[in-house]
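A short write-up of the structure that comes next.
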Amino acid sequence: MAGLELLSDQGYRLDGRKPSELRKVQARMGVFTQADGSAYIEQGNTKALAVVYGPHEVRGSRSKALHDRAVINCQYSMATFSTAERKRRPHGDRKSSEMSLHLKQTFEAAVLTSLYPRSQIDIFVKILQSDGGNYSACVNAATLAVIDAGIPMRDYVCACSAGFVENTAVVDLCHAEESGGGTVMSLALLPRGGQVALVQMDARLHQDHLDALMEAAMTACRSLGQVLDGVVRQHLQEVSVLTAE
Amino acid sequence: MAAVQVCEAEKVYIMHGVRDDLRVDGRGCEDYRHMEIETDVVSNTDGSARVKLGYTDVLVGIKAEIGKPKPAAPDEGYLEFFVDCSANATPEFEGRGGEELGSELSCTLYKVFNNVNSLELRALCIAPREHCWVLYVDVLLLQCDGNLFDAISIAIKAALFNTRIPKVTITEGEEGGAELELSDDPYDCVRLNVENVPCIVTLCKIGHRHVVDATLQEKACSVAGLLVSVTHKGTITCVRKVGGGSLEPESIFEMTETGKRVGKALHAPLMKLLRDEEAQGKQRQKVGFLG
Amino acid sequence: MAAGLMRLPVFRKQETVSESNEKHLVVPGDVITSDTGFMRGHGTYMDEEKLTASVAGEVERVNKLICVRPLKTRFYGEVGDVVVGRITEVQQKRWKVETNSRLDSVLLLSSVNLPGGELRRRCAEDELAMRDYLQEGDLINAEVQSVFSDGALSLHTRSLKYGKLGQGVLVQVSPSLVKRQKTHFHNLPCGASIILGNNGYIWLYPTPGQQDEEAGGFHTSMEPVSLPDREVISRLRNCILALATHKVMLYDTSVLYCYESSRPHEIKDLLKPEVMEEVVMITRQRLVEQAG
């Protein structure tokens with residue numbers, strides 16, 4: 001396609017990053033006081049807010065409750081001002097429902113739901129600014145929020161997007177790179193065990209490149225995992241200093 | 001509104017407190033809670049603001065787009081409101097739960113803000129009958145602890161102050177139609193005059209007295225309330241009764257007087273704060289959600 | 001007035017680590033030990049013979065039991081805990097009580113005191129008259145009698161100090177901030193009484209008068225509370241919120257010290273962040289002096 005050169009001759013991307021370089025990540029836990037857990041994350045220009053309520057009694061229809069584990073209820077929505085073109089509805093469209101389902105699957109793999117029979121855990125994610133990597137920002141923010149709420153998890157869940165441009169795997173795609181028409185893969189990983197919680201790919205990709213792409217995505221997830229780890233440990237230090245008797 | 005349950009004994013305690021002008025958190029009947037305001041928190045909007053009033057947290061983003069003027073007012077632009085009661089605030093707003101409250105809030109905001117007395121709508125006109133600026137005001141509710149209207153109106157005023165609309169030049173196109181050229185320079189923009197933008201004051205009737213800035217518990221004790229929008233001169237632009245109960249005419253008069261007094265006093269500190277924030281410019285580090 | 005209360009937000013102050021903390025802090029996925037001699041408690045799970053943490057918090061070792069206490073969590077009830085809760089539902093022969101735990105707690109009809117202190121079997125009329133005793137929205141304070149297999153708590157109010165609560169103020173904080181003590185009922189010398197529920201719900205009420213009220217009864221006084229008592233209660237409420245915001249453990253001494261250090265300020269000024277910080281700092285210093 002004319003115009004946009006996603007990868008320059010020297011190997012630099014549109015925003016000056018190298019192919020395996022992540023965008024700047026800043027995060028904070030405990031942003032809101034009324035919810036059980038909350039977190040905010042910025043990955044480059046993508047900003048996401050996650051809020052967790054629970055575990056609590058199943059509201060609404062009792063039939064939804066499972067007798068041996070907790071129900072995880074996710075909702076993904078975008079602020080109407082988050083995209084360059086104003087969105088008319090924050091959620092309820094097909095894309096949001098699909099994302100909500102993906103989030104639910106991802107967290108059912110990581111949260112130890114068997115400890116909370118008959119209860120419900122709500123995870124609500126809001127995208128405040130969208131610049132590519134929406135799913136990964138949501139998963140990372142939700143991980144921090146679940147840890148903030150004190151809900152037991154097997155491991156962190158870190159997610160990253162990856163793509164294939166000119167035979168090179170690039171990670172953490174921004175919006176321009178995602179809509180460039182190439183392959184986009186989203187991967188959610190539990191770093192310590194190396195287990196993949198969710199993998200999803202759009203567009204065509206030659207079988208030979210799959211391994212390289214997955215490897216690049218997994219490495220990026222691990223680096224992200226370290227960043228999230230740093231944020232959680234810092235938060236722990238801050239709060240434990242305050243509660244010192 | 002996301003409601004909390006309050007038992008009879010708590011209601012009696014709150015009512016007696018209001019009667020003695022000492023509310024549960026020590027405030028008087030006309031005192032506001034601690035308020036924090038910050039503008040320019042969302043980068044890809046033309047104007048934005050975040051207001052925290054007690055635990056109530058509201059984020060407003062304004063996007064300006066070019067549209068066609070309404071037939072009834074060909075030489076004016078207009079505002080469109082959308083209130084998103086997100087599930088972040090309370091699980092009851094999940095799915096379609098927050099739609100009812102959202103549309104109620106949007107309708108009221110429309111009445112209060114979208115008229116010539118509040119904002120210079122003529123300044124939003126580009127070419128009469130052809131093109132005008134439409135300001136899409138999107139309100140996002142992040143946390144709900146009573147008194148949504150006041151917080152939203154202050155956030156809207158702050159966001160409008162922060163809004164920068166690019167300058168437009170009209171040139172003759174190829175087939176004779178007008179072509180609009182938007183200035184690329186981020187500093188070459190039009191600011192809005194927000195002097196006359198009103199602030200909403202919600203008054204809740206509890207017992208025989210009324211309170212300003214009610215928390216959710218106090219709201220559960222009140223049967224009816226009054227919404228008054230007041231400009232900086234003390235002019236009342238809109239009055240609306242809210243709640244399921246009924247009000248006596250004398251109460252309405254008293255509440256309107258209180259609303260006028262309290263509302264008028266909100267504008268000066270708000271404008272001063274906004275101007276101070278702007279004067280600090282780049283030196284001030286944006287707090288946003290990372291603070 | 002609104003004038004003094006509008007301001008720009010500021011960054012939260014980062015508390016510096018003054019002395020090297022000996023606390024063992026872990027995050028989910030951290031291996032605590034590979035030694036198989038330990039029993040695992042809350043906040044941990046076994047991952048291929050290795051004891052791994054599942055929440056972010058501090059490791060607590062009690063003899064052979066290792067558990068991880070998270071910073072913030074819903075209430076984990078244990079037998080004997082004192083809780084303050086709100087009735088959410090009236091069902092057949094029992095009430096459902098919301099206590100900030102992962103499932104609503106249960107208050108059986110057979111676990112409450114009948115008015116007048118009667119001791120008899122519950123009959124069908126009692127079932128129908130349940131709403132006369134406790135309705136949806138009422139506040140009660142009760143003790144945890146037992147824990148069901150799915151984790152729901154069974155409460156009882158079979159003692160004169162428990163029962164329906166009257167006029168007062170409820171403050172909600174995180175359960176991990178309420179210190180476990182011998183007694184959770186305190187009549188503070190400043191003129192109000194406090195119930196520190198283990199579930200993070202704290203009830204402030206005017207100290208009952210000299211005449212002996214049967215606190216286990218279901219009659220609540222609707223007489224207006226006097227203004228000085230109200231001021232004490234409002235001040236205590238703001239102090240407790242200030243302590244909770246700065247994550248100070250709540251017990252009678254800390255609340256009292258905070259109340260005393262807040263005397264120079266007006267009650268509504270305690271809502272401002274800088275005043276809160278100042279008051280909490282003075283309280284901390286006094287607590288450290290008292291401990292040392």
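Naming: A, B, ... by sequence-line order, numbering from 1 per chain. Small disclaimer: the values here were computed from a predicted structure and weren't measured. The basis for the numbers below is simple: all heavy atoms, side chains too, and nothing from hydrogens, waters or symmetry mates.
The residue from Ile62(B), Val139(B), Val42(B), Val60(B) that alone fulfils the side chain to side chain contact (heavy atoms under 4.5 Å, CB included) condition with Phe81(A) is Val42(B).
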What are the atom names and distances for all donor-acceptor pairs below 3.5 Å between chain B and chain A?
unit_1    : atom_1 : unit_2    : atom_2 : d
Ser43(B)  : N      : Gln129(A) : OE1    : 3.1
Ser43(B)  : OG     : Gln129(A) : OE1    : 3.0
Ser43(B)  : OG     : Gln129(A) : NE2    : 3.2
Asn44(B)  : ND2    : Ser82(A)  : O      : 2.9
Lys63(B)  : NZ     : Thr83(A)  : O      : 3.1
Asp84(B)  : OD2    : Lys126(A) : NZ     : 2.5
Asn88(B)  : O      : Tyr53(A)  : OH     : 2.7
Ala89(B)  : O      : Tyr53(A)  : OH     : 2.9
Glu94(B)  : OE1    : Asn73(A)  : ND2    : 2.9
Glu94(B)  : OE2    : Asn73(A)  : ND2    : 3.1
Gly95(B)  : N      : Gln75(A)  : OE1    : 2.7
Gly95(B)  : O      : His91(A)  : NE2    : 3.0
Asp138(B) : OD1    : Thr80(A)  : OG1    : 3.3
Asp138(B) : OD1    : Arg86(A)  : NE     : 3.2
Asp138(B) : OD1    : Arg86(A)  : NH2    : 2.8
Asp138(B) : OD2    : Thr80(A)  : OG1    : 3.2
Asp138(B) : OD2    : Arg86(A)  : NE     : 3.0
Gln143(B) : OE1    : Thr33(A)  : N      : 3.4
Gln143(B) : OE1    : Gln34(A)  : N      : 2.9
Leu290(B) : O      : Arg28(A)  : NE     : 3.1
Gly291(B) : O      : Arg28(A)  : NE     : 3.0

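Between chain B and the residues Ile41(A), Val125(A), Leu49(A), Val52(A), the largest count of heavy-atom pairs under 4.5 Å involves Leu49(A).
In this structure, chain B has a heavy atom under 4.5 Å from the backbone of Ala27(A), while its side chain stays farther away. Contact of Leu290(B) with chain A is made through backbone and side chain together, with heavy-atom distances under 4.5 Å.
For the side-chain hydrogen bond (donor to acceptor under 3.5 Å, both in side chains) test, no residue two or more places apart in sequence or in another chain qualifies with Lys68(B).
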- Going through the checks in order, is the side-chain contact (heavy atoms from CB on, under 4.5 Å) test met by Leu140(B) and Leu128(A)? CA-CA 10 Å; Leu140(B) 180 58; Leu128(A) 295 178; 3.6 Å; yes
